[in-house]
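Contents: one structure, followed by commentary.
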Number of protein chains: 2
Amino acid sequence: MKTIGIGQLAKEVGVPIDTVRHYERIGLLQPATRLASGYRRYGEAEQKRLRFIRRGKALGFTLDEIDELLALSAGRNVQSIRKSASARLTDIERRIEELNRVRDSLRQLIAACPGHGRAEACPILNALSEDAKP
Amino acid sequence: MKTIGIGQLAKEVGVPIDTVRHYERIGLLQPATRLASGYRRYGEAEQKRLRFIRRGKALGFTLDEIDELLALSAGRNVQSIRKSASARLTDIERRIEELNRVRDSLRQLIAACPGHGRAEACPILNALSEDAKP
DNA sequence: CTAAACTCTGGACCATAGTCCAGAGTCAAT
DNA sequence: ATTGACTCTGGACTATGGTCCAGAGTTTAG
């Protein structure tokens, strides 16, 4: 089997070397083998796995979730994978809603702020300084 | 001046006691004074400041940004405050865009997944396992 | 006065995802 | 053979925002 070193793996997948070692430390990605010198060697499978991790992160999964996904994937449990992805979707939708609310508040505040003059007339400060408890 | 203890402050503003102490440790909120026993006492100003912090967080500002905002607020520098809020808005808009992309990807993947059958037919797994480098 | 409730300190620890380092050893190309 | 590039380990450190703890001391209500 053709194997590559950690530097080449990192370069080809587009992940920092330290991050590859980090993934190993947390049990997410083990090298296929080691040279007598201790140098890590990776094969096709590890390369795929690392790409899987990278894509999972791009989709907003945490490393723990990716670990889970990889386990499910190995078990070829399509139903669980679908469920996991759905949970992720719900979470992301909730976060988007939250951010939308924040964005709207900020937009209003900024639009209402003249950008000069008395601090008392700045709605941004006022919003943060309100006496009301909410 | 009427002052209150840390417990009452935490309760009234709706923040855990430990968090109030944490804010003190990082230099964000100092008690107005201390009793001879060392007990912290907070006045109106501190209560306002803590509410300011709480609202800032709700708007998605980091504690560092809130610190900055408080300094600008003390300096009553309306222009800087507006700029800071605008930067925050831009950041939030960018994050929303990112999340929207992720959400769309997940939706497509989930919609295309039958939820059963061969793993090879699961588009979620396929998306994560693609041989292509992107 | 006593008992319950509150508060003090300083440091450790949590999760998340890395990032960096020194000092030693190894590999590859010339 | 030598040089330059690469890799090893393990632990410390980064940032963010808390959260918890023990053991001692203080305040307050009955």
Side-chain angles (χ1 to χ4, degrees), chain A residues 2-42 46 49-50 52-70 88 91-92 95 98-99 102, chain B residues 2-42 46 49-50 52-70 88 91-92 95 98-99 102:
Chain A
K2 201 183 61 205
T3 62
I4 57 177
I6 192 170
Q8 204 184 335
L9 174 72
K11 195 171 167 188
E12 278 185 19
V13 178
V15 160
I17 286 186
D18 275 339
T19 297
V20 176
R21 291 206 193 95
H22 176 65
Y23 289 166
E24 182 176 345
R25 269 208 265 211
I26 65 175
L28 201 51
L29 178 72
Q30 304 303 323
T33 179
R34 298 253 190 167
L35 296 183
S37 61
Y39 278 32
R40 296 163 177 84
R41 302 302 295 183
Y42 300 89
E46 288 72 37
R49 193 175 170 96
L50 184 53
F52 188 109
I53 295 167
R54 191 170 58 56
R55 290 204 191 82
K57 269 169 43 69
L59 285 179
F61 291 88
T62 66
L63 295 183
D64 266 6
E65 288 168 332
I66 291 169
D67 199 27
E68 190 192 332
L69 239 28
L70 280 163
R88 183 100 296 266
D91 180 44
I92 285 177
R95 275 155 64 192
E98 251 171 49
L99 286 179
V102 171
Chain B
K2 201 180 63 207
T3 63
I4 59 178
I6 193 171
Q8 205 185 334
L9 174 73
K11 196 171 166 190
E12 280 185 18
V13 178
V15 161
I17 286 187
D18 274 340
T19 298
V20 176
R21 291 204 193 94
H22 176 66
Y23 288 167
E24 181 175 345
R25 269 207 265 212
I26 64 175
L28 201 51
L29 178 72
Q30 304 304 322
T33 178
R34 297 253 189 167
L35 296 183
S37 61
Y39 278 32
R40 295 163 177 85
R41 303 302 296 184
Y42 300 88
E46 287 74 35
R49 194 176 171 96
L50 185 53
F52 189 110
I53 294 168
R54 192 170 57 56
R55 290 204 192 83
K57 269 168 45 69
L59 285 179
F61 291 89
T62 66
L63 294 184
D64 267 5
E65 288 169 331
I66 291 169
D67 200 26
E68 189 192 330
L69 240 26
L70 280 162
R88 183 100 297 263
D91 180 46
I92 285 177
R95 276 154 65 193
E98 251 171 46
L99 285 178
V102 172

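None of these values were measured; they are calculated from a predicted model. In what follows, chains are A, B, ... by sequence order, proteins preceding strands, each numbered from 1.
- Whole-Å rounding puts the A:Leu29 CG to C:dA17 P distance at 15 Å.
- For A:Arg34 and D:dT9, the shortest distance from a side-chain N or O to OP1 or OP2 is below 4.0 Å.
- Between B:Tyr42 atom OH and C:dT7 atom P the separation is 10 Å, expressed in whole Å.
- For C:dG11, the base has a donor-acceptor partner in the side chain of B:Arg25 [N/O atoms by modelled type, under 3.5 angstrom].
- Each of C:dG18, D:dG18, C:dC27 was ranked by its minimum atom distance to the side chain of B:Tyr23; first place goes to D:dG18.
- Rounded to whole Å, atom C1' of C:dA17 lies 16 Å from atom CD of A:Glu24.
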>> Set out, in order, the CA-CA distance, both residues' side-chain angles and the distance that settles salt bridge (Lys or Arg N to Asp or Glu O under 4.0 Å) for B:Glu68 and B:Arg88, then state yes or no.
In response: CA-CA 13 Å; B:Glu68 189 192 330; B:Arg88 183 100 297 263; over 6 Å; no
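- The nearest heavy atom of DNA chain D to B:Phe61 and to B:Ser37 marks one nucleotide each, and the one closer to the 5' end goes with B:Phe61.
- With A:Arg40 contributing its side chain and A:Pro31 its backbone, the two residues share no donor-acceptor pair below 3.5 Å.
- In this structure, B:Ile53 places its CD1 atom 12 Å from P of D:dG17, rounding to the nearest Å.
- Taking only side-chain nitrogens and oxygens, B:Lys57 never comes nearer than 4.0 Å to OP1 or OP2 of D:dT16.
- Where B:Pro16 and B:Asp64 each meet DNA chain D at their nearest nucleotide, the meeting point lying more 5' is that of B:Asp64.
- In this structure, of C:dT16, D:dG17, D:dT26, it is D:dT26 that holds the atom nearest to the side chain of B:Tyr39.
- Between B:Leu28 atom CG and D:dT16 atom P there is a gap of 13 Å when expressed in whole angstrom units.
- When the side-chain nitrogen and oxygen atoms of B:Arg40 are compared with OP1 and OP2 of C:dT9, one or more of them lie within a distance under 4.0 Å.
- At whole-Å resolution of the value, CD1 in B:Ile17 and C1' in C:dA5 are 11 Å apart.
- Atom CD in B:Glu46 sits 12.0 Å away from atom CD1 in B:Ile6 (nearest 0.5 Å).
- Close to C:dA17, at under 4.0 Å from its OP1 or OP2, lies no side-chain N or O of A:Thr19.
- Judged by distance alone, the side chain of A:Arg49 and the main-chain N or O of A:Leu28 form a donor-acceptor pair under 3.5 Å.
- Computed from coordinates, the A:Arg41 CZ to C:dT26 P distance equals 15 Å when rounded to whole Å.
- Rounded to an integer number of Å, the gap from B:Asp18 CG to C:dC14 C1' is 13 Å.
- Between the side chain of B:Arg54 and the backbone N or O of B:Val15 there is no donor-acceptor pair closer than 3.5 Å.
- Within the 4.0 Å cut-off from OP1 or OP2 of D:dT9, not a single side-chain nitrogen or oxygen of A:Arg21 is found.
- Taking the side chain of B:His22 as heavy atoms from C-beta on, and the options D:dG17, D:dT7, C:dT7, the nearest nucleotide is D:dG17.
- Residue B:Ile26 is out of contact with every strand shown, counting any heavy-atom pair closer than 4.0 Å.
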